[in-house]
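Since we're looking at a predicted model, the values are computed, not measured. Numbering of ligands and ligand atoms starts at 1, following listing order. We use all heavy atoms of the structure for the numbers below, so side chains are in, but hydrogens, waters and symmetry mates are not.
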Amino acid sequence: MTTMTKSPAPSRTARYLDEAERYSAHNYHPLPVVLDRGEGSWVWDVDGNRYLDMLSSYSALNQGHLHPEIIAAAREQMERLTLTSRAFHNDQMGPFLRELCEASGFDAALPMNTGAEAVETAIKMVRKWGYEVRGIPDGQAEIIVCEDNFHGRTTTIVGFSSEEQYRDGFGPFTPGFKLIPYGDADALRDAIGPNTAGFLVEPIQGEAGVNVPPDGYLRETAEICRENGVAFVADEIQTGLGRTGRLFCCDWEGVRPDVLIVGKALGGGLYPVSAAIADAEFMDVFRPGDHGSTFGGNPLGAAVGRASLRVILEEDLSRRSDELGTWFMEQLRAIGSPHVEEVRGKGLMIGVVIKETSGTARPFCEALQQRGILAKETHHQVVRFAPPLNVARADLEDALMEIAAVLS
Ligand SMILES: *Cc1c(COP(=O)(O)O)cnc(C)c1O
């Protein structure tokens, strides 16, 4: 793979890095690479170096960069109508929500833009359902969440994070959330009280380091929720839309959540599109004026969402993710690296855990960048590999050689 070998950061890259350093808030710690072009699984930097994108913008690019069908849909829609607000109807939102409901098997969907907004939507939905349907006393509804969760960055959401840095300096926080250990169904059973309205959970915790819960955890917790009249809310913003080898990660255990939250790849890497999806029992708690978003359900986003979903279904990206992911994980384990504690994941959502004695994951990601592979550490010890789901097997084979070199 000589075409992927890098020289040290030259001046164009350095100039952009300086500018970003000077003018941006320092709320991220990106790898020192400045990209200006993408196609499929590949991106190029401002100095013309090519990289395999093995992050896919945290799984917002399951369909790859600049998917022609998604770009065409966006382009066509952009020349017709982009925004109506929800004060008026448009001809894209209805078909988009119908297609989303047909694919997921629910009655209705409420469109938003970012993932965090869809999570907030689900929280409001479950609380109001708790009061109106379950009869929880006013102001008492409680939602159970898991340690090491990541559901976004709004003040309400970071308020129930167990990660000190996400919270530190941002309080006071919204009350009404209770933390339990992830992967422990008994902990949920013990935590449920008379005012518990919902259980909000990631089927696999992505940002926490690709934490895969024990087999049966989703089925068991969903069952506990059902027995107790508690809403089971699955945040599939990262795990959904094919990423783990099924359309939704809950499908692995035959679990149908009460509320399903999607985002990221629903926008095809082009435009922020998210939704909270549920049956009428939950969705009907919303009445005109209860909730909304200026851009949510706009015709451009809806057209992009339709194309993004169609590509995932038509290209059978869930099956691809399953096959490639199973094989890729086996190959990663076969490297037998002395630095690797564990390789874990499902489909093409894979975490390589670096042993503490070998330092953090960051230098490994920097070394991969030098070899033309973009991956990002998550939570210090984990290198996450999550390429677009239509990545070519041959490109993954080439990448494996570079990864093996870096891990050895
Ligand atoms: C990315 C993510 C979010 C937040 O989505 P944004 O679009 O960044 O607001 C929420 N939940 C999960 C599981 C995520 O991975």
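Ring orientation note: the planes of Y166 and F150 are nearly perpendicular, at an angle over 60° on the 30°/60° scale.
Every residue meeting the side chain to side chain contact (heavy atoms under 4.5 Å, CB included) condition with V382, not counting sequence neighbours, appears here in chain and number order: R344, V353, T378.
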N/O pairs closer than 3.5 Å, ligand 1 and protein:
unit_1   : atom_1 : unit_2 : atom_2 : d
ligand 1 : 7 (O)  : G115   : N      : 2.8
ligand 1 : 9 (O)  : G115   : N      : 3.3
ligand 1 : 9 (O)  : A116   : N      : 2.8
ligand 1 : 11 (N) : F150   : O      : 3.3
ligand 1 : 11 (N) : D235   : OD1    : 3.4
ligand 1 : 11 (N) : D235   : OD2    : 2.7
ligand 1 : 15 (O) : Q238   : NE2    : 2.7
ligand 1 : 15 (O) : K264   : NZ     : 2.6

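Salt-bridge check for D186 with R189: passed, with a basic side-chain N closer than 4.0 Å to an acidic carboxylate O. A salt bridge does not link E19 to R15: none of the charged nitrogens lies less than 4.0 Å from a carboxylate oxygen.
Looking at heavy atoms from C-beta onward, E202 lies out of side-chain contact with E207 at the 4.5 angstrom threshold.
To the nearest 0.5 Å, atoms CG (D398) and CZ (R393) are separated by 13.0 Å.
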